[in-house]
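To keep things clear, I will list the structure first and then write my remarks on it.
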Amino acid sequence: MSKVDLSVNIGPLKLRNPILLASGTVGYGNEISEFTDLNKLGGIITKSLSLRPRKGNPPQRIVETPAGMLNAIGLANVGVEVFLKEKIPFLKKYDVPLICNIAASTIEEYVECTKILTEEETIKAFEINVSCPNVREGGLQFGNDVSAVGKITAKVKAVTGKPVIIKLSPNVSYIADFARAVKENGGDAVSAINTLVGTSFNIFSRKPKIYNVNGGLSGPAIKPIALAKVLEISRNVDIPVIGSGGIMDWKDVVEFMIAGSSAIQLGTINFIDPSAPGKILEQLEEYCIKYNISKISDLTASYII
Amino acid sequence: MSKVDLSVNIGPLKLRNPILLASGTVGYGNEISEFTDLNKLGGIITKSLSLRPRKGNPPQRIVETPAGMLNAIGLANVGVEVFLKEKIPFLKKYDVPLICNIAASTIEEYVECTKILTEEETIKAFEINVSCPNVREGGLQFGNDVSAVGKITAKVKAVTGKPVIIKLSPNVSYIADFARAVKENGGDAVSAINTLVGTSFNIFSRKPKIYNVNGGLSGPAIKPIALAKVLEISRNVDIPVIGSGGIMDWKDVVEFMIAGSSAIQLGTINFIDPSAPGKILEQLEEYCIKYNISKISDLTASYII
Amino acid sequence: MLIIKSPVEKTIELDHDIYLLKIRCPEIAGIIKPGEFLNIRVSESMYPLLRRPFSVCDVEGDDLCLMFNIFGEGTRMLSRKHKGDLIDILGPLGKGFNIEGDYDTAVIVGGGLGAAPFPYLTRRIGSRKNIFTFIGGKTHRDVITYGMKNVSTATDDGSKGFKGTVVELFKSRFSEFRGTKMKIFGCGPNAMLRSLKEFCIANDLECEVSTECVMACGFGICQGCPIESTEHPEKYFLVCKDGPVFNVNDVVL
Amino acid sequence: MLIIKSPVEKTIELDHDIYLLKIRCPEIAGIIKPGEFLNIRVSESMYPLLRRPFSVCDVEGDDLCLMFNIFGEGTRMLSRKHKGDLIDILGPLGKGFNIEGDYDTAVIVGGGLGAAPFPYLTRRIGSRKNIFTFIGGKTHRDVITYGMKNVSTATDDGSKGFKGTVVELFKSRFSEFRGTKMKIFGCGPNAMLRSLKEFCIANDLECEVSTECVMACGFGICQGCPIESTEHPEKYFLVCKDGPVFNVNDVVL
Ligand SMILES: Cc1cc2nc3c(=O)[nH]c(=O)nc-3n(C[C@H](O)[C@H](O)[C@H](O)COP(=O)(O)OP(=O)(O)OC[C@H]3O[C@@H](n4cnc5c(N)ncnc54)[C@H](O)[C@@H]3O)c2cc1C
Ligand SMILES: Cc1cc2nc3c(=O)[nH]c(=O)nc-3n(C[C@H](O)[C@H](O)[C@H](O)COP(=O)(O)OP(=O)(O)OC[C@H]3O[C@@H](n4cnc5c(N)ncnc54)[C@H](O)[C@@H]3O)c2cc1C
Ligand SMILES: Cc1cc2nc3c(=O)[nH]c(=O)nc-3n(C[C@H](O)[C@H](O)[C@H](O)COP(=O)(O)O)c2cc1C
Ligand SMILES: Cc1cc2nc3c(=O)[nH]c(=O)nc-3n(C[C@H](O)[C@H](O)[C@H](O)COP(=O)(O)O)c2cc1C
Ligand code: FES
Ligand code: FES
């Protein structure tokens, strides 16, 4: 047994360590399981699921940018039904907390998805994506509207006894207001941040490189912004924060925890090095040993300001 | 004479070319004049000036981040009086349009500064900084409040006959709303974008690296975000946009113009290569010749979407 | 699928800005098939951020060969690797060409750097089938015939071989193959693949093509690389997992 | 101030992770003074983004020498430069040491890599003055005496020379200099400079110190490098323009 207590609590959700795999960056877990032992992770968050299958946007969906990438996948996913039938069985083979991420265009659809999925006992919590910049209806509009975020939180909480995490949009002036709305409406935690709206043009064709025009910016480029958002929530609202945005190594994990995160998500790094989650976990434990940190959760919001 | 017409109009302001030097990244012009011939530039924008001299924030003011940097200078500047007495004489020696950037903590202070400076005929236009993330009072609060931005625009316009450009904050959900407020209140143009709020921690001391905790993120990391903001304004509001955010070379200039900019500002690149403005100008002209663009202003908002 | 750091054996400039990189990597060399690809991290730093996909061009014993041209910053950095430099490889990835089957003549049609996967295909087909290769490019500078057999060339400007596209060249020579059981292997720009597809459908020819798409991960987790399916318009194939090689009838090009 | 791309002559590993880089750059070598610095772009790419400041360590004919330790990614990349690689240099920058003046003994006090500017200072003072050098570090690994004269060393752990700080060493030897007209030249970590300042003020010694600060531009346009002024608390000095060398009385350390 490890000498370090790596476990963390995200409200009622107990995780054996703070490393989660971010929604949309690990599919439904199959491929990445070849590189990282899912049984060791804190948890895995599914690609956003919608009530019905979504085809997603036509190509080009990806653009590399300086220290970042834009994506406009358009929430391509198999839908809740196929997910339960075809994807859950694989995930059941692992002892890893499964968090289902849900995306929808109406409040009713969020509720409907949650109702269906909450029956599946493998699912330990929900992450509600109110902040995807890549779908025209719903998505962004919800994420940038405090009262809509509050309402979604309350309605989803009403149909499930499992922890509900709201994934916040960074494309707002004061993200703490949104975290407060989540708390006041019974939400258990927030994830911060989703991607930032960005675009890129081909200067010869004068067309946007991304079919959908805008995409979501992720990767190390956004790390300073993500850290500021996490800190803002941590200093203003008493709610657990799951940090994400450009985490590439164990040092970034520590930085996000210091800034106020109870746990963190690895996203873009999985594309570059799918064995990183396992490695980061080991290095994090080494760091704790070296610096005499007996409980990693002591790092959370340990900033000295 | 050049075969290419590089001149651009920013509302009533005619510039010989679209290359401006961004506020806070060239001081008052002295040092950079050793590397780039100011007489060739489209214009130069001063460091933000305030009514009284400001000492600025204690160190550390700068942090490098992936493909970007955070700064929290805190609007250190000599104040309008010393500027007029000691800095203007140097700038008068050059034939370069001078745009004065003004920062303030109250609407009255913006008005007061403008009143004093508008008397100086060397000053061709004003850029009103409502979006500095590095001062506690004023700054950000104004920039994220549509009605405040509208009010500042109207009040400043009332005391000067010179073009007024409002420099917008990117730390908002819908920047076009702010551009619209500028237009409706008589503003002549908007600059987009100022820096994004970010932070960074020393993981060993657990202190923010920046004394001021948060800083403003600039450089190539923010380019996709800046382009999306410029495009959003261009598609929604009929007002000239001066683009900025991570421009490093002539290709970036073209990309910002295609996305909707009438002119652009070079910021962080000046620190890395103070001879870049001159080089970029030459390369831009070569590009126009090669691709038969006889008027560079035809690039503005030439996106095909 | 492996992630492995392997040493460069040799960097050869085949032609102006066209390179062949040999990497000692027995682990992948032993299992990779023609048409499969590798996703390569060209720098340890965050610049560039994403891996770059390259077809396996050839396998020589323990060595993997890649062929590429300098396109942007990533390929430029790759071209500067020296013997002994370690390359971070993720692979083998994707579904390659099916070289088995009921045909006696393999016709290879490549455009520009689309020739990259064919030296290895040629090697693996060996002498079991007849091989005819058609390679095209804009000018003679874009025509790469490294490692291929029975090559005819075409250039848009006529500076080398047939004047016209490589598909036109193939059409003009098509009668020579009458009576043989053919299978076509194509790789190149989309426009070329589209006209190849048309011709193959019109003449009822079996044809596999290798497609390209901007990728983030290369192994199915990002959903970044969709290609329209003919049979299932309600969902996309993924180029990196379901391809990059497809039967030409299965995808909308 | 020049921006110039100059070829590496030689990279020497002086000690574990401590390097000396010689760059052929007659343009700057001919004009730079001790204590002035260079702002160096370690990569053509955007990573790292900003230049890195380094004191001129020495000038040998047309060659500029830098001395540095591997601190982060930028210095790591710099340590890997080979002969002929071009280095993008901005310089000379800042205000250096004033070696003229009414003193007969130069006492150099350096901590760790704070020794970097002193070989050139030593060379330029030459035999016109007496030179005594005190160099300290945490352990013997941090004590660099390259290019210096009359050196005494101190280490915190006593693994080399005097056991204690370099300022304590200087104090313990201070009586030797009684009667001479001294000028102190200091460079090193802030804590060391602070205690040096205290001692110099207490003993009314003339002292110049070279300071450090994170910089973006290095030549006065970003306002990124403030240092508190003793005389003008209402404004900051800029380390890059008004320094990096200051009279110890003029700045709050
Ligand atoms: C399955 C597959 C196999 C390939 N095999 C080869 C090969 O054998 N030889 C070869 O020269 N090229 C091949 N390519 C194209 C090669 O990946 C690109 O030329 C390369 O990524 C360009 O990188 P860069 O940094 O030089 O260019 P940049 O333009 O700087 O790259 C920017 C981004 O665009 C992507 N990109 C640019 N061009 C392409 C392209 N044509 N296809 C996909 N993504 C692109 C890059 O991966 C990167 O994410 C292949 C592509 C795919 C998808
Ligand atoms: C005027 C001056 C002269 C210097 N002379 C020398 C010298 O001769 N030899 C030497 O080894 N070092 C010297 N330094 C420190 C040197 O600049 C840093 O060690 C170097 O920038 C570290 O870069 P990095 O990429 O390896 O580290 P990183 O930590 O990756 O750098 C990140 C950022 O922090 C900045 N930074 C990190 N450490 C320092 C520091 N100590 N001072 C200022 N900025 C820092 C970098 O410039 C960069 O912007 C000098 C600094 C200044 C200001
Ligand atoms: C290709 C891609 C697809 C994504 N899809 C989703 C998604 O379906 N639902 C969601 O909530 N977030 C999605 N995200 C956002 C990530 O979960 C994460 O919040 C974001 O990428 C920031 O973290 P990173 O910088 O570590 O990638 C996606 C991100 C990427 C790059
Ligand atoms: C060090 C620094 C200081 C700045 N100071 C100011 C300022 O005083 N007033 C202002 O309006 N913008 C200021 N800016 C913002 C720039 O003018 C510009 O809008 C921003 O940096 C984005 O452009 P870039 O990515 O090209 O640097 C500053 C930026 C930097 C990096
Ligand atoms: S490239 Fe990621 S799924 Fe194909
Ligand atoms: S580093 Fe830019 S002003 Fe000193």
Side-chain angles (χ1 to χ4, degrees), chain A residues 63 65-70 133 140-141 143-145 169-174 196-208 213-215 217 219-232 235 246 248 250-259 287 291 299 302-305, chain B residues 63 65-70 133 140-141 143-145 169-174 196-208 213-215 217 219-232 235 246 248 250-259 287 291 299 302-305:
Chain A
V63 176
T65 68
M69 61 175 277
L70 292 168
L140 205 52
Q141 285 79 335
N144 298 348
D145 174 346
S169 165
N171 304 291
V172 300
S173 299
Y174 303 108
L196 284 131
V197 177
T199 193
S200 173
F201 284 84
N202 179 316
I203 63 168
F204 300 105
S205 71
R206 301 191 187 174
K207 290 186 190 156
V213 184
N214 282 336
L217 185 65
I222 69 168
K223 197 183 88 168
I225 302 172
L227 283 165
K229 299 284 187 195
V230 169
L231 181 66
E232 184 191 329
R235 292 176 94 179
M248 298 295 277
W250 69 267
K251 290 191 221 113
D252 293 338
V253 175
V254 174
E255 197 176 357
F256 269 85
M257 292 189 74
I258 291 171
Y287 154 83
Y291 289 92
L299 285 177
S302 62
Y303 44 80
I304 299 170
I305 294 183
Chain B
V63 177
T65 69
M69 61 176 276
L70 292 168
L140 205 53
Q141 284 79 336
N144 298 348
D145 175 345
S169 165
N171 304 292
V172 300
S173 299
Y174 304 107
L196 284 131
V197 177
T199 194
S200 174
F201 283 84
N202 178 317
I203 63 168
F204 300 106
S205 71
R206 301 192 188 175
K207 290 186 190 156
V213 184
N214 283 335
L217 185 64
I222 69 168
K223 197 183 88 169
I225 302 172
L227 282 165
K229 299 282 185 195
V230 168
L231 181 66
E232 184 191 330
R235 291 175 95 179
M248 298 294 278
W250 68 269
K251 290 190 220 113
D252 294 338
V253 175
V254 174
E255 195 176 357
F256 269 86
M257 291 189 74
I258 291 172
Y287 154 83
Y291 289 93
L299 284 177
S302 62
Y303 44 79
I304 299 171
I305 294 184

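Numbers restart at 1 for each chain; the letters A, B, ... are given by sequence-line order, proteins then strands.
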To the nearest 0.5 Å, what is the distance between CD1 (B:Ile304) and CZ (A:Phe201)?
-> 10.0 Å
Where on B:Phe256 is there a heavy atom nearer than 4.5 Å to chain A: the side chain, the backbone, both, or neither?
-> neither
Worked verdict on A:Arg206 versus B:Val254 for side-chain contact (heavy atoms from CB on, under 4.5 Å) = CA-CA 10 Å; A:Arg206 301 191 187 174; B:Val254 174; over 6 Å; no
Output the distance between atom NZ (A:Lys229) and atom CG (B:Asn171), rounded to the nearest 0.5 Å.
-> 6.0 Å
Among A:Pro224, A:Pro66, A:Ser200, A:Ala221, single out the residue with the greatest number of heavy-atom pairs under 4.5 Å to chain B.
-> A:Pro224
Of the backbone (N, CA, C, O) and the side chain (C-beta and beyond), which part of B:Thr65 lies under 4.5 Å from a heavy atom of chain A, both, or neither?
-> side chain
Quick one: pull up CG in A:Asn214 and CD in B:Glu232 and give me the separation to the nearest 0.5 Å.
-> 8.5 Å
Who among A:Gly219, A:Ala226, A:Gly198, A:Gly246 has the most heavy-atom pairs with chain B under 4.5 Å?
-> A:Gly198
Atom group of B:Ile258 that falls short of 4.5 Å from chain A, counting heavy atoms | side chain
B:Ile225 versus chain A, heavy atoms under 4.5 Å apart: side chain, backbone, both or neither?
-> both
Using non-hydrogen atoms and a 4.5 Å limit, figure out which bit of A:Leu231 sits close to chain B: side chain, backbone, both or neither.
-> side chain
To the nearest 0.5 Å, what is the distance between CG (A:Asn144) and OH (B:Tyr174)?
-> 4.0 Å
Check B:Tyr287 against A:Ile203 and note the closest heavy-atom contact, atom names and distance.
-> OH-O, 4.3 Å
Could you tell me the separation between the CD atom of A:Glu255 and the CG atom of B:Asn202, rounded to the nearest 0.5 Å?
-> 9.0 Å
Member of B:Asp145, B:Val172, B:Val197 meeting the side-chain contact (heavy atoms from CB on, under 4.5 Å) criterion with A:Ser173 | B:Val172
